[in-house]
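Notes follow once the structure below has been shown.
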Amino acid sequence: MINIRFPDNTVKQFEAGVSSLDIAKSISPGLARQVYASSINGEVRDLLRPVNEDASVKFHKWEDPEARHTFWHTSAHLLAYALEELYPGIKFGIGPAVENGFYYDVDPGEGVVISESDLSRIEKKMKDLAREKYSTERIEISKAEALKMFEEKGDEYKTELISELDDGSITLYKLGDFMDLCRGPHLPDTENIKAIKLLSLAGAYWRGDEKRKMMTRIYGISFPKQKLLEEYMLMLEEAKKRDHRKIGKELGLFAFSQKVGMGLPLWLPRGADLRQRLIDFMTAELKRRDYTIVSTPHIGNIELYKTSGHYEKYGADSFQPISTPQEGEQFMLKPMNCPHHCEIYNATPHSYKDLPVRMAEFGTVYRYEQHGELHGLTRVRSFTQDDAHHFCEPDQMKEEFKKIIDLVQWVFKSLDFSDYKAQISLRDTVNREKYIGSDENWDKAQKAIIEAAGEKGLDTTVVEGEAAFYGPKLDFMVKDAIGREWQLGTIQVDYNLPERFDLSYTGSDNQKHQPVLLHRAIFGSIERFVAVLIESTAGKFPLWLSPDQVIILPISEKYHDYSKKVLKFLNNYDIRTLIDERSEKIGKKIRDSELSRIPYLLIIGENEEESSTVSVRKQGEGDKGIMTLEEFAAFIDKQVKTELQIKG
RNA sequence: GCCGAUGUAGCUCAGUUGGUCAGAGCAGCUGAUUUGUAAUCAGCAGGCCGGGGGUUCGAAUCCCUUCAUCGGCUCCA
């Protein structure tokens, strides 16, 4: 007999070799029906896998990521099974579960193309197979046997994978006639896979290496109930309505022109206004935090980038040098501001008393991004970084780092950004040749970042191998409307440029010392930030107000009625600030019926004096008095909700 | 750059197997209307159907090519 401990700490006895599904059944048949996987001593396992020793067990229902992961993993196998039936001779790469669904990378063979029109056929085959209620079977196998099996099948992809595994750790899963190399875990059978949707088709390099064969990747998602699938598809539809490209077009914020060139955003008047407000908002705060604002040209002599090392690293894949009538003279469009800032630093001598120097610029840079990676405003070829560089003494680095984290947190909070992730990127522990700089400096910098993040209470994930070639970094990531992750803010330690540009300061010992350089951006780029701002705010709540800004953002159609009512309500009020006429104009804007037709985006007042007071007066009812924007926000919100009986 | 898909008036789209198929709604303009409020009525204007080439008596509709966009992969200083 073995002892099984449950999450509530009760312990029950079972025969050794009992499956976790049987354990679940012993609690209640209802539970057994809802469970898709179990964790045995923290390891996620198949429900049918025997438990042979004392263990703690936790059951995973659909709500748990582990359950969905298992469900989708089995669905991926089901997809492969269907493909094998429909495309004899098809070869398989990998087929994992992902955050929302699953995919399988396949090689259908020479001359065979799977296209979107085939998806419904494959989907149908999957459903037919699922209805057969095939059970999954876990098979442990020796490396030699596994290799033999897949070599005979002629599947070079699986063979390659197996050859890299340790003998004794290889398991196969059998589903009907389909046998696949797999670590598991899996559902007991396919009975519960009731709703299946193949979503899209894409090319994906085998093992992520662009020099290797491109596989066909089929994305799909599945659910135990049709209703869940319908809800998911509806959610996707809603999310697409928040796409910044759609909203940007509808509201006339920005545009692209084939004539101007791909990936080169054109800011239309309204978008330019928003962009400028973000810049002003940030600039005001930077001044408060002892930054100096600088400005540098959009091009720089090629020697500048040879000095920085960027030319060697990226020159061939960049916009190519600009020639001049002068023989041998060449300039580059600037792909980053750092080298320019280093030269600004070098323009004057520095004492340790000057440090840290914090130099900021809204610098527009140009990068020749590959064709296929351009994406709305989030990935463009010309963008404006809210860039800054901190030049500091080595022992000031951590403190500066913390100050930057503080600024990021302040900005995100001010703009109501709560859903972001902090990622610490360290260098690869194995391939060190990708990086420059001494081990000692790397260790010091990595330690400083981890400590600084910890002291600022940041919840971080650490990723090895993602560091820049010159130093480790801390990135702030957010998700867009459909869950793609984008990097916004970044803080990077750099020992490279101070060396290459021979930066120095005179220390208290009257000797020359080399400063440490921190790169940082808060928005990342204004373009990307606007995109994410639109997607994260749109659809949440049509009226977004804070003491510093008032933004009425465009919203998904779900909120159209609400938005209309808000605007209709606002039309009943005479809204204007008592301070300046620009705000008066904005009040008029709100009342403007042309504007009231569209759920509108507008921002009022980015600083205190501009936006501190508003006069709100309902027509015919006299003066309601003067209130701060914050009070105004609450007031509007309350009025709208009570008068129009909108549910929050 | 690679795989797959898409590309019709400013916007959203309809155009069956190639032959009155160049359309609709919204936006725009003109004229009525003036009704406490998103879209009243009438009329007008708008596209060489992304560009180029080809097949055909004839192509928005088939083929090739090119550009751009979308979903991914790779990349992201």
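Convention: sequence-line order gives letters A, B, ...; per-chain numbering from 1.
The two residues A:Trp442 and A:Ile436 make their nearest non-hydrogen contact at NE1-O, 2.8 Å. Shortest non-hydrogen contact noted between A:Asp387 and A:Asn337 is OD2-ND2, 2.9 Å. The two residues A:Arg427 and A:Gln446 have their closest heavy-atom pair at N-OE1, 3.0 Å.
Ring geometry for A:Trp486 against A:His375 counts as tilted: the plane angle lies between 30° and 60°, on a 0 to 90° scale. In this pair, A:Phe254 and A:Trp267 present their aromatic rings perpendicular. The plane angle is above 60°, beyond the 30 to 60° band. The aromatic rings of A:Tyr157 and A:Trp206 sit perpendicular, their planes meeting at an angle over 60°, well past the 30° parallel limit.
The nucleotide whose nearest atom lies closest to any side-chain atom of A:Pro335 is, among B:rA77, B:rG1, B:rA68, B:rA77. Which of B:rU69, B:rG71, B:rA77 sits closest to the side chain of A:His371 comes down to B:rU69.
In this structure, A:His341 atom NE2 and B:rA77 atom C1' are separated by 15 Å, rounded to whole Å. Put simply, CG on A:Leu497 is 13 Å from P on B:rA77, counting in whole angstrom units. Per the geometry, CG belonging to A:Leu264 stands 16 Å off P belonging to B:rC67, to the nearest Å. Going from atom CD of A:Glu466 over to atom P of B:rA77 covers 9 Å, rounded to whole Å. Here B:rC70 presents its P atom at 20 Å from NZ of A:Lys241, a figure rounded to the nearest Å. Remark: P of B:rC73 and NZ of A:Lys211 are 18 Å apart, rounded to the nearest angstrom. When the P atom of B:rG71 is taken as reference, atom CG of A:Asn100 falls 16 Å away, rounded to whole Å. We find that CG of A:Leu266 is positioned 17 Å from P of B:rG10, with the value rounded to whole Å.
The stretch residues 309-316 of chain A touches RNA chain B through A:His310, A:Tyr314, each having a heavy atom under 4.0 angstrom from the strand. Across residues 360-370 of chain A, A:Arg367, A:Gln370 each have a non-hydrogen atom less than 4.0 Å from an atom of RNA chain B (numbered order).
Nucleic acid contact for A:Arg381: none, since no nucleic acid atom lies under 4.0 Å from a heavy atom of the residue. Here A:Gly208 lies in heavy-atom contact (under 4.0 Å) with sugar-phosphate atoms only. Within the nucleic acid shown, A:Tyr103 has no heavy atom closer than 4.0 Å to any nucleic acid atom. Across all strands shown, A:His375 has heavy atoms under 4.0 Å from sugar-phosphate atoms exclusively, and none from any base. Counting non-hydrogen atoms under 4.0 angstrom, A:Phe256 reaches nothing in the nucleic acid. Contacts of A:Ser308 with the nucleic acid, taken as non-hydrogen atoms under 4.0 Å apart, are absent.
Dashed line: the shortest gap from a side-chain N or O of A:Lys334 to OP1 or OP2 of B:rA77 is not under 4.0 Å.
Across every strand in view, B:rG4 sits in a pair with B:rC70 that passes the Watson-Crick or G-U test at under 3.5 angstrom. B:rA24 is paired with B:rU12 under the Watson-Crick or G-U wobble criterion, all donor-acceptor distances under 3.5 Å. Nucleotide B:rC41: paired with B:rG31 (Watson-Crick or G-U wobble, both distances less than 3.5 Å). B:rU61 is unpaired under the criterion used here, namely a Watson-Crick or G-U wobble arrangement in which both key atom distances are under 3.5 Å. Within the shown strands, nothing qualifies as a pairing partner of B:rU17 under the Watson-Crick or G-U definition with both distances less than 3.5 Å.
For B:rG15, the O4'-C1' to base torsion is more than 90° from 0; the nucleotide is therefore anti.
Rounded to whole Å, the separation between the C1' atoms of B:rC41 and B:rU8 comes to 30 Å. Separation of the C1' atoms belonging to B:rU40 and B:rU16 is 36 Å when rounded to the nearest angstrom. Here the separation of B:rA9 from B:rU56, taken at their P atoms, is 30 Å to the nearest Å. A distance of about 15 Å separates the C1' atoms of B:rA60 and B:rU20, rounded to the whole Å. Across the P atoms, B:rU66 and B:rC3 are found 12 Å apart, a figure rounded to whole Å. Distance noted for atom P between B:rG1 and B:rA45: 43 Å (whole Å). Of the C1' atoms belonging to B:rC62 and B:rG25, the separation is 31 Å, rounded to the nearest Å. For the C1' atoms, the distance from B:rA5 to B:rC44 is 39 Å, rounded to whole Å.
With hydrogens and angles disregarded, no donor-acceptor distance shorter than 3.5 Å links the side chain of A:Trp72 to the backbone of A:Ile221. Of the possible polar contacts, none joining the A:Arg245 side chain to the A:Leu377 backbone as a donor-acceptor pair under 3.5 Å is found.
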Just the atom pairs and distances: protein N or O near nucleotides 3-5 of chain B's N or O, under 3.5 Å.
from  : atom 1 : to       : atom 2 : distance (Å)
B:rC3 : O2     : A:Gly203 : N      : 2.9

Extract from the structure each pairing of a protein N or O with an N or O of nucleotides 13-15 of chain B at less than 3.5 Å, listing the distance.
none

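In this model, a side-chain donor or acceptor of A:Arg379 finds a partner on the base of B:rC75 within 3.5 Å.
Not less than 6.0 angstrom separates the ring centroid of A:Phe391 from the ring centroid of A:His341.
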* **Steps toward salt bridge (Lys or Arg N to Asp or Glu O under 4.0 Å) verdict (A:Arg212, A:Glu160)** => CA-CA 13 Å; A:Arg212 305 195 65 175; A:Glu160 181 180 327; 2.8 Å; yes

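For the side chain to side chain contact (heavy atoms under 4.5 Å, CB included) test, residues two or more places apart in sequence or in another chain that qualify with A:Ile322 are A:Ile299, A:Phe331, A:Leu333. Partners of A:Tyr495 according to the ring pair (Phe, Tyr, Trp, His ring centres under 6.0 Å) rule, which considers only residues two or more places apart in sequence or in another chain, do not exist here.
If you find the closest nucleotide of RNA chain B to A:Arg484 and to A:Met336, the one lying nearer the 5' end belongs to A:Arg484. Taking for each of A:Tyr219 and A:Lys249 the nucleotide of RNA chain B with the nearest heavy atom, the 5'-most of the two is the partner of A:Lys249.
Dense packing is recorded around CD of A:Glu164, with more than 12 heavy atoms of other residues, nucleotides or ligands lying under 6.0 Å away.
With a 4.5 Å cut-off on side-chain heavy atoms, A:Thr296 and A:Glu343 do not count as touching.
A salt bridge does not link A:Arg484 with A:Glu535: none of the charged nitrogens is closer than 4.0 Å to a carboxylate oxygen.
For the pair A:Lys197 and A:Tyr232, the cation-pi criterion (under 6.0 Å, within 45° of the ring axis) is not fulfilled. Under the 6.0 Å distance and 45° angle rule, A:Arg528 does not count as a cation-pi partner of A:Phe523.
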